[in-house]
**Student:** 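Before anything else, here's the structure in question.
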Amino acid sequence: MALLLRSLRLARNGPGSCARMSSQAEGIVRPLNVLNEDEQMMQDSVCRFAQEKILPHVQDMDRISTLRQDILDGLFEQGLMGMEVPVEFGGSGMPFFSVVLAIEELAKVDPSVSVVCDVQNTLVTTAFLQWSTEEQKKKYLPMLAQNKVGSFCLSEESCGSDAFKLKTAAKQDGDDYILNGTKMWITNAGYADVFLVFANIDFSLGYKGITCFIVDRTMPGVSIGPPEDKLGIRASSTCSVILEDVRVPKSNVMGKVGQGYKYSIQVLNEGRIGIAAQMLGLAQGALDTTLPYLKDRQAFGRSIWENQAMQHQVAEAMTQVEAARLMVYNAARLKENGQPYVEKAAMCKYHATQVAAQVSARSVEWLGGVGYTKAFLAEKFYRDSKIGAIYEGTNNIQLDTIAKFAKFPW
């Protein structure tokens, strides 16, 4: 596999249009949006991959609701599916902030591709890195970094935000557990080979019976439901995962029995920064695809960009996007440096999803009639934006989390 670290070195000669700011001196406190050399090269490399390999196929993939296999293969070849996986396990050994940059950059072109990378890195491989045994790491991390997709299976038909009311059961049978249940709306399910399934071993224990199991697609009794016909991120696979008397060995329990509820909370706290990065990239992508038209489109004898009202609307959108970027980068750097980040993760996801919805909607309006057609990507960004306020914790859940951090003087 061509490791991402190799592609970073090649990115030094990448196009300047993909670049942001880069720090020239180490050992100094940098502004949040100033990148060090490695971060800058990684961003350039992912930008070039997205522009050259993904962009030409975005509308076709959206139309047929299918991710091209060569693009999925390209994510692995670029090292983008195992970014935090240590090099000794075949990964890229990159820090968390680089994961966030990659998710953002992919989302500028196609949020559907971005979420594939996001779930693989911030949910699945994170869980393996934190709680799996050494044997599990040796077996699963190389394949997740090189050629196998993972899925995070928590939600069910009757429990979305109230996830701890899940009904999937795991009954012990000797050295195995027998799993029965159906997981709903599972991202990456259609092409995943590894599933992290949360099931309850004893419902009398309530949420303290929830345990995380590593389930292989090849295990008898595992089946995948038909793809959901979604409003947005249509190229991303979203299916149910059906478990019928699936026999899972005890060696495939992740972490400790009964601790699955803790693992899911911790992983989703990190994952929310990833979704915020996806929404940030989406908002920037909507602006990027719309602004050239505003300069070129003539009305009443001049470019519509020359109207002050238009300039003010765009300026407001640019400010919203930059504020979201600073919030996302701040949460990511806090997490990467081992600082408390749960409050900031909830804040950045809440804000970035709102910005994505607002900016993509404005982009459609600025384009006028053509914005309402598929001639431009603005309408796709608009459709894609809605999911941000729903998955990995709805916006109301984020507000609940943020409110818990309120401090009162009495």
Side-chain angles (χ1 to χ4, degrees), residues 2-22 33 35 37-64 66-81 83 92 94 98-118 120-121 232-236 274 277-296 318 321 325 328 356 359-360 363 367 374-385:
L3 294 176
L4 181 60
L5 290 174
R6 265 182 229 155
S7 66
L8 295 188
R9 297 187 184 99
L10 295 174
R12 293 178 185 272
N13 297 320
S17 60
C18 293
R20 297 189 64 80
M21 293 178 288
S22 178
N33 61 344
L35 309 182
E37 187 176 21
D38 285 345
E39 292 165 349
Q40 185 69 69
M41 288 192 296
M42 191 282 304
Q43 187 185 58
D44 290 345
S45 177
V46 179
C47 174
R48 188 165 59 252
F49 171 73
Q51 292 288 332
E52 295 176 359
K53 303 299 183 180
I54 300 175
L55 182 58
H57 307 291
V58 169
Q59 289 177 310
D60 283 343
M61 292 194 299
D62 181 69
R63 178 177 54 81
I64 64 175
T66 302
L67 178 69
R68 288 172 60 102
Q69 184 62 46
D70 61 329
I71 289 178
L72 183 58
D73 293 342
L75 292 174
F76 281 108
E77 291 166 3
Q78 293 292 315
L80 297 175
M81 296 294 274
M83 294 186 68
S92 300
M94 300 292 289
S98 292
V99 177
V100 168
L101 288 176
I103 294 168
E104 176 192 0
E105 212 61 39
L106 291 170
K108 291 177 184 178
V109 172
D110 193 347
S112 297
V113 178
S114 177
V115 76
V116 176
C117 175
D118 174 35
Q120 182 89 345
N121 284 284
I233 58 167
R234 294 179 60 83
S236 164
Q278 180 201 27
M279 292 295 110
L280 166 61
L282 185 158
Q284 186 65 61
L287 278 178
D288 292 345
T289 196
T290 303
L291 289 180
Y293 179 86
L294 303 184
K295 290 285 286 186
D296 294 339
M318 292 169 61
V321 172
R325 177 171 291 109
V328 173
V359 172
S360 59
S363 294
L367 290 167
K374 296 185 184 296
F376 283 78
L377 287 175
E379 63 84 27
K380 179 185 180 299
F381 283 124
Y382 179 51
R383 288 186 287 109
D384 289 350
S385 72

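Numbers for residues simply follow the sequence, beginning at 1.
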**Student:** A side-chain contact here means heavy atoms from C-beta on lying under 4.5 Å apart; do L101 and E39 qualify?
**Tutor:** yes
**Student:** Looking only at heavy atoms, which two atoms of L106 and F49 are closest? And how far apart?
**Tutor:** CD2-CD2, 4.3 Å
**Student:** For a 4.5 angstrom cut-off between non-hydrogen side-chain atoms, does M42 reach E105?
**Tutor:** no
**Student:** Is a donor on one side and an acceptor on the other found under 3.5 Å between the side chain of N121 and the backbone of V99?
**Tutor:** no
**Student:** If I compare all heavy atoms of G274 with all of D118, which pair ends up nearest, and what's the gap?
**Tutor:** CA-OD1, 3.5 Å
**Student:** With rounding to the nearest 0.5 Å, note down the distance linking CG in D384 to CD in E379.
**Tutor:** 8.5 Å
**Student:** Which heavy atom in I103 sits nearest to a heavy atom in S114, and how many Å separate them?
**Tutor:** O-OG, 2.8 Å
**Student:** Go through K380 and K374 one step at a time and tell me if the side-chain contact (heavy atoms from CB on, under 4.5 Å) criterion holds.
**Tutor:** CA-CA 8 Å; K380 179 185 180 299; K374 296 185 184 296; over 6 Å; no
**Student:** Quick one: does any side-chain atom of S363 pair with a main-chain N or O of V359 as donor and acceptor, under 3.5 Å?
**Tutor:** yes
**Student:** Hey, is the main chain of G79 close enough, under 3.5 Å, to the side chain of S92 for a donor-acceptor pair?
**Tutor:** yes
**Student:** What is the minimum heavy-atom distance between T289 and F376, and which atoms define it?
**Tutor:** O-CD2, 4.0 Å
**Student:** More than 12 heavy atoms of other residues, nucleotides or ligands under 6.0 Å from OH of Y382: yes or no?
**Tutor:** no
**Student:** Taking side-chain contact (heavy atoms from CB on, under 4.5 Å) as the definition, give me every residue that meets it alongside R63, ordered by chain and number, with sequence neighbours left out.
**Tutor:** D60
**Student:** How far does CD1 of I71 sit from OG1 of T66, to the nearest 0.5 angstrom?
**Tutor:** 11.5 Å
**Student:** Please check this pair: side chain of S360 against backbone of A356, looking for a donor-acceptor N/O pair closer than 3.5 Å.
**Tutor:** yes
**Student:** How about Q78 and V46: do any of their side-chain heavy atoms sit closer than 4.5 Å?
**Tutor:** no
**Student:** Measure the CD-OG distance between Q40 and S45 for me, rounded to the nearest 0.5 Å.
**Tutor:** 11.5 Å
**Student:** Would you name the heavy atoms of M61 and R68 that are closest together and state the gap between them?
**Tutor:** SD-N, 3.4 Å
**Student:** What's the separation between atom NE2 in H57 and atom CG in D70, rounded to the nearest 0.5 Å?
**Tutor:** 5.5 Å
**Student:** For Q120, enumerate each residue passing the side-chain hydrogen bond (donor to acceptor under 3.5 Å, both in side chains) test, keeping only those at least two apart in sequence or located in another chain.
**Tutor:** none
**Student:** Within the 4.5 Å heavy-atom criterion, are M81 and L72 side-chain neighbours or not?
**Tutor:** yes
**Student:** For S98, which residues count as a side-chain hydrogen bond (donor to acceptor under 3.5 Å, both in side chains) partner, sequence neighbours excluded?
**Tutor:** none
**Student:** Where do I233 and S112 come nearest, in terms of heavy atoms and distance?
**Tutor:** CA-OG, 3.0 Å
**Student:** Less than 4.5 Å apart, any side-chain heavy atom of L377 and any of L55?
**Tutor:** yes
**Student:** When rounded to the nearest 0.5 angstrom, what distance separates CZ in R234 from CG in D110?
**Tutor:** 12.5 Å
**Student:** Donor-acceptor check, side chain of Q278 to backbone of P111, threshold 3.5 angstrom: yes or no?
**Tutor:** yes
**Student:** Would you give the length of the straight line joining atom OG of S236 to atom CG of D62, rounded to the nearest 0.5 angstrom?
**Tutor:** 11.5 Å
